[in-house]
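These values consider heavy atoms only, across backbone and side chains, with no hydrogens, waters or symmetry-generated copies. The sequence lines fix the lettering, A, B, ..., with proteins before strands; numbering per chain opens at 1.
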Number of protein chains: 2
Amino acid sequence: MLERLRDAGLRPTRQRLALARLLFGGGNRHVTAEQLHAEARREEIPVSLATIYNTLNQFRKAGLLREVVVDSGRSWFDTNLENHHHFFHEATGALTDFEAEGLAVEGVPRAPAGTEIDRVEVIVRLRDAG
Amino acid sequence: MLERLRDAGLRPTRQRLALARLLFGGGNRHVTAEQLHAEARREEIPVSLATIYNTLNQFRKAGLLREVVVDSGRSWFDTNLENHHHFFHEATGALTDFEAEGLAVEGVPRAPAGTEIDRVEVIVRLRDAG
DNA sequence: CCAATAAATTAGAACGAATCTAAACTGTTG
DNA sequence: CAACAGTTTAGATTCGTTCTAATTTATTGG
């Protein structure tokens, strides 16, 4: 973990190490800042909300996290850096990955002049079955 | 316009009529609440920001507008109800439609148990060419 | 190992988008 | 046209996020 932070050009401070362990210690996950803060408090990691925000943004800039926007009003951060897409269940706010493997997006028009395609994002919005 | 509001079950008040004209009077468009408010002020339509928000949400619920989330922090509303997708230019915040016709998304996995697919949204994120 | 320095963390203030409140106003109905 | 439900409003409030300035911590060079 220490290595990972150093490689990203980030000083391995107590807070960053602890948060990195929470984020990258298990499998892939999605968190909001508030969620991660609550989790840190539960684990008795002394860290302020400001640092949670700083750290999430630094990790994102360093390419350790991806930001997912599905929900106006808050940001999700995703530890899964593989090529993949998302289910978003509007009713519950649950966000789930699905692999890009098997999914094909064909016929994307060319980017407007002066721009190029950065990323094609697919969001599958779910509702309760009825 | 009056008809359209009545059909949607919304009383055709001064404000709603004026905003409907701004939104639906020309071609398709995208607006944020603040943008629409600024535009209304310019046209000397007396309308509060609260009413802008109320109206946009009522129009959305009535199916006259679609909400587009590309940008954490604010909501866009789109008058284009046809099946289509979006370019989003991160650098400028510009949002543009492209027709779904010609675009195929294949291999979308089945929805998790208890849910069904509401909508498959494709967002093509753009960066400056270079 | 320690002092100096630069970087990181912090509490709390501040911000912007959006919603809420309760009072005033307006469209509709009978 | 009176009564009433629905609408609009200014301003307060909420929420997520960023900023600020002071404190603390990691790194480095001696």
Interatomic distance, Leu17(B) atom CG to Arg11(B) atom CZ [nearest 0.5 angstrom] = 13.0 Å

Distance, rounded to the nearest Å, where Trp76(B) contributes CH2 and dA17(C) contributes C1' = 14 Å

ask   = Parallel under 30°, tilted from 30 to 60°, perpendicular over 60°: which one fits the rings of His30(A) and Trp76(A)?
value = perpendicular

key: Sub-4.5 Å side-chain heavy-atom contact between Thr115(B) and Phe87(A)   = no

Distance-only donor-acceptor pairs under 3.5 Å for side chains of residues 100-114 of chain A, two or more places apart:
none

Criterion side-chain hydrogen bond (donor to acceptor under 3.5 Å, both in side chains) against Arg125(B), the qualifying member of Glu90(B), His86(B), His89(B) = Glu90(B)

query = Roughly how far, to the nearest 0.5 Å, is CG of Leu2(B) from CG of Leu10(B)?
reply = 11.5 Å

Protein-to-nucleotide contact annotation, 5' to 3' order, nucleotides 21-30 of chain D [B base; S sugar-phosphate only; - none; under 4.0 Å, heavy atom] = -----BS---

key: DNA chain C-proximal residues of residues 36-72 of chain B, any heavy atom under 4.0 Å   = Ala50(B), Tyr53(B), Asn57(B)

request  = For His84(A) and Asn28(A), test the side chains for any donor-to-acceptor distance below 3.5 angstrom and give the result as yes or no.
outcome  = no

ask   = How would you label the contact of Thr32(B) with the nucleic acid (heavy atoms, under 4.0 Å): base, sugar-phosphate, or nothing?
value = nothing

request  = Write down the distance between CD (Glu34(B)) and C1' (dT19(C)), rounded to a whole number of angstrom.
outcome  = 13 Å

remark   = Of the candidates dG16(D), dA8(C), dA18(C), the side chain of Arg74(A) sits closest to dG16(D)

query = Whole Å only: how far is the CG atom of Leu19(A) from the C1' atom of dT10(C)?
reply = 14 Å

message = Looking at Thr55(A) and Arg16(A), would you say the former's side chain and the latter's main chain have a donor-acceptor pair under 3.5 Å?
response = no

